[in-house]
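By convention in this document, chain letters (A, B, ...) are assigned in the order of the sequence lines, proteins followed by strands, and residues within each chain are numbered from 1.
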Amino acid sequence: MLEEIAPTLLVKHKTKEEKRLPPLPNAEFGKVVTRLPPEPSGYMHIGHAMSGILNYIYAKMYDGKLWLRFEDTNPRKVKLEYYENFRKGYKWFGIEWDYEKCNSEDLNLYYEYANELIRKGLAYVCFCSKEEMSKGRFMMVGCAHREQPVQLNLSLWKEMLSGELEEGAAVLRLKGDMTSKNTVMRDPTLFRIIEHPHPIVGDKYRVWPTYDIAAAVEDAICGVTHVLRSSEFALRDELQNYIRSLLGLQNPVFVEYSRFEFKGTPLAKREIRRLIEQGIVSRWDDPRLATVDGIKRRGLLPEAIKEFTISQTGLTYTKRVYAWELLYAINRRMLDPIAKRYFFVPDPILVEVEGAPELHVELPLHPSEPLGKRLVHVGNKLYIPRRDLQGLKKGDVLRLKYLYNISIKDVANDFVNANFVCREVIEGVPIVQWVTEDYVNVRVFVPDVLYQDNGELNPDSLKIVHGFGEKACIEIKHGERVQFERFGFCIRDDANALDFIFIHT
RNA sequence: GCUCCGGUAGUAUAGCCCGGUCAAGUAUACCGGCCUUUCGAGCCGGUGACCCGGGUUCAAAUCCCGGCCGGAGCACCA
């Protein structure tokens, strides 16, 4: 019954059901709070995006709330432009957040908690060098500073804040458990001095919290119920919970999963920066990169990445590296009904058709969707891909799509002579795309993975295909995704030049 | 090196907590067919996996032990 009335409704419903994320543990409808915790120290990439999508979808699923919270407590690393890059990136993916804040707003609050910990004898000011402390932690033995009286720690803390102690001289450490199997529990640093202006609060502060105390406090005061993050943080759960327990704060539920990586594609800031410096990729938005700006230029749809995250991803610790093909398959399915079709002839060869009628033809911009048409005036000279001539001999018949059939008469180096056969479709005749003499020059950049399976750089990570596009290509808007028939889906990369980036077949 | 975590088809996953219904589901890739004025999309069918070895049990992908392989952490980064 329903199939007859509204079949599409049924299908939609079905696919939606199939692609649900597993339920969140201990989640109560209406009470879930998740968060996006970017560190604004580099450009947003697909890993941030997928993680963000997960947090967003779960908040939605439970009618909960989502925080955007910038983890910007290292003034030496964070930069203003990156805050906006993340906001823009999340928005591009359709991720909407309910609240926004920066950890750097809460320095005074962190100081209060620090005071409390010191007063309770749970934290101490330590003068050990990094090397000494690292050694002590390795050996599971505490240093002398650990035993300092509370009063002394209190006044030393004041000296840290006032500037009497300079950067590197001292840190505030948590009195943890030096014999814990979990190394992060061995008296971790809570605060350190950083003499560097902060992009938001300037030089107002010189003592900055480390990740663990900042995150522990923030997740609690933001009321975060579920922390969904990648598994490299798994060891911090115990520490952050411990810090909260000392401060009388509530703990969230942790859901951790291994990082999202894609085959042959670097995500680490350092590595990308190196590739840029070496001139191997152009910029942070290079289409071979998995930065959000990169995949945007690359023609991938945010919805495709969203669906990929839901359907192909698991909340497991297992290390996995995704094949781009899985994402392309989804992207292709989404693009197919909306991408206009155009003719692009790579490596063109001129064909002169004897006996061809002069025609004004209307070609549909899509084989099944009503996306419009374009008009073409055809004389007897056209261009077709050289590749399609391979193996053809005199007398072989070829169909020019939407036009007519030709039979090959003579093939020279850069010229083909053919005879007009007929306009009707003949079963079994190969069909090729073509352009007329009023073609436009088109360049298609074909990106591939940066690294090969053996770990070496892929020398062909960006190929350029030159060819002729039909005149109507000039109508394609910058950023518009189209399909060049029998070539592949491409996105226009420039508002002026007819430069395209190949998306996938 | 130490500590924790994990290993299901080519790839990504479901199942594992609460052993049997799993002769292992799905997606993608691949192969074949249908459809199609694209080598795209769609439809139908097919090939293909529980890391290895022991143990517990009537019964193990599921529980236990060992091995091997992989990942994460061992920062005054997050």
Check your understanding: Hey, does A:Val321 reach any base, or is it just sugar-phosphate, or nothing, if we go heavy atoms under 4.0 Å?
Key -> sugar-phosphate

Check your understanding: Going by an N to O cut-off under 4.0 Å, is there a salt bridge joining A:Asp453 and A:Lys263?
Key -> yes

Check your understanding: Salt bridge or not for A:Arg206 and A:Glu195, using N-O below 4.0 Å?
Key -> yes

Review point. For the residue pair A:Tyr322 and A:Phe262, does the interplanar ring angle fall in the parallel (under 30°), tilted (30 to 60°) or perpendicular (over 60°) class?
Key: tilted

**Study point:** Spacing between A:Trp434 atom CH2 and B:U38 atom P, to the nearest angstrom
**Key:** 15 Å

Point to revise | Whole-Å P distance, B:C58 and B:G67 | key: 28 Å

Review point. According to the Watson-Crick and G-U wobble definitions, with both distances under 3.5 Å, which nucleotide is paired to B:G70?
Key: B:C5

Point to revise | Under 4.0 Å protein heavy-atom contact, by nucleotide of nucleotides 71-78 of chain B - B base, S sugar-phosphate only | key: SSSSSBBB

**Study point:** Between B:U28 (C1') and A:Trp324 (CH2): distance, integer Å
**Key:** 16 Å

Exercise for review: Find the partner of B:G42: check Watson-Crick (N1-N3 plus N6-O4 or O6-N4) and G-U wobble (N1-O2, O6-N3) distances, both under 3.5 Å, and reply none if neither fits.
Suggested key: B:C34

Exercise for review: If B:A75 has a Watson-Crick or G-U wobble mate with both distances under 3.5 Å, name it; if not, just say none.
Suggested key: none

Exercise for review: Identify whether any heavy atom of A:Arg399 sits under 4.0 Å from a base atom; if not, whether one sits that close to sugar-phosphate; answer base, sugar-phosphate or nothing.
Suggested key: base

Check your understanding: Considering all heavy atoms of both residues, which atom of A:Tyr90 and which atom of A:Gly52 are nearest to each other, and what is their separation?
Key -> CE2-CA, 4.2 Å

Exercise for review: May I ask you to say whether A:Glu271 pairs ionically with A:Arg274, meaning some side-chain N is under 4.0 Å from a carboxylate O?
Suggested key: no

Point to revise | Test: A:Glu485 and A:Arg341 ion pair at under 4.0 Å | key: no

Point to revise | Heavy-atom neighbours of A:Arg76 CZ exceed 12 at 6.0 Å | key: yes

Review point. When the P atoms of B:G33 and B:C16 are considered, how many whole Å apart are they?
Key: 39 Å

**Study point:** Pair assignment for B:C63, Watson-Crick or G-U wobble, requiring both distances under 3.5 Å
**Key:** B:G55

Check your understanding: Salt bridge between A:Arg69 and A:Asp106, side-chain N to carboxylate O under 4.0 Å?
Key -> no

Study note, to complete from the structure: Whole-Å distance, A:Phe308 CZ to B:U28 C1', equals 10 Å

Check your understanding: Does a side-chain heavy-atom distance below 4.5 Å link A:Tyr383 with A:Glu470?
Key -> no

Review point. Rounding to the closest angstrom, what is the interatomic distance between B:U11 and B:U56 at atom P?
Key: 34 Å

Exercise for review: Provide the Watson-Crick or G-U wobble partner of B:C50, both distances under 3.5 Å; none if there is no partner.
Suggested key: none

Exercise for review: Return the value, rounded to whole Å, for the distance between atom CZ of A:Phe254 and atom P of B:C4.
Suggested key: 19 Å

Review point. So do the side chains of A:His48 and A:Val292 get within less than 4.5 Å of each other, counting heavy atoms only?
Key: no

Point to revise | Length of the line joining A:Lys340:NZ and B:U38:P, which is rounded to integer Å | key: 20 Å

Point to revise | Interatomic distance where CE belongs to A:Met185 and P belongs to B:U3 [whole Å] | key: 18 Å

Check your understanding: If pairing requires Watson-Crick or G-U wobble contacts with both distances under 3.5 Å, which nucleotide is the partner of B:G10?
Key -> B:U28

Point to revise | B:C18 to B:U62 separation - P atoms, rounded to the nearest Å | key: 14 Å

Please tabulate, one pair per line, each protein N/O and nucleotide N/O from nucleotides 40-43 of chain B that are separated by under 3.5 Å, including the distance.
| from | atom 1 | to | atom 2 | distance (Å) |
| --- | --- | --- | --- | --- |
| B:G40 | O4' | A:Gln483 | NE2 | 3.4 |
| B:G40 | N2 | A:Asp336 | OD2 | 3.4 |
| B:A41 | O4' | A:Asp336 | OD1 | 3.1 |
| B:A41 | O4' | A:Asp336 | OD2 | 3.4 |
| B:A41 | O2' | A:Asp336 | OD2 | 3.2 |

Check your understanding: Would you say the side-chain atoms of A:Asp177 and A:Tyr242 include a donor-acceptor pair closer than 3.5 Å?
Key -> no

**Study point:** B:G54 to B:C68 separation - C1' atoms, rounded to the nearest Å
**Key:** 14 Å

Review point. Touch check for A:Tyr322, heavy atoms < 4.0 angstrom, all strands: base, sugar-phosphate only, or nothing?
Key: sugar-phosphate

Check your understanding: Which whole-number value in Å describes the distance from A:Leu326 CG to B:A27 P?
Key -> 12 Å

Check your understanding: Quick one: does A:Leu235's side chain get under 4.5 Å of A:Thr183's, heavy atoms only?
Key -> no

Check your understanding: Contact class for A:Arg229 (heavy atom, under 4.0 Å): base, sugar-phosphate, or nothing?
Key -> nothing

Point to revise | Euclidean distance, atom CE of residue A:Met140 to atom P of B:C2 [Å, nearest integer] | key: 12 Å

Point to revise | Partner nucleotide of B:C17 by Watson-Crick or wobble geometry (both distances under 3.5 Å) | key: none

Review point. To the side chain of A:Ala323, which of B:U37, B:U11, B:U13 is closest?
Key: B:U11

Practice item. Using the P atoms only, state how far B:U47 lies from B:A41, rounded to an integer number of Å. Key: 23 Å

Practice item. Using the P atom as the reference point in each nucleotide, state the distance between B:A24 and B:C51 in Å, no decimals. Key: 15 Å

Check your understanding: If the C1' atom of B:A61 is compared with that of B:U8, how far apart are they to the nearest Å?
Key -> 7 Å

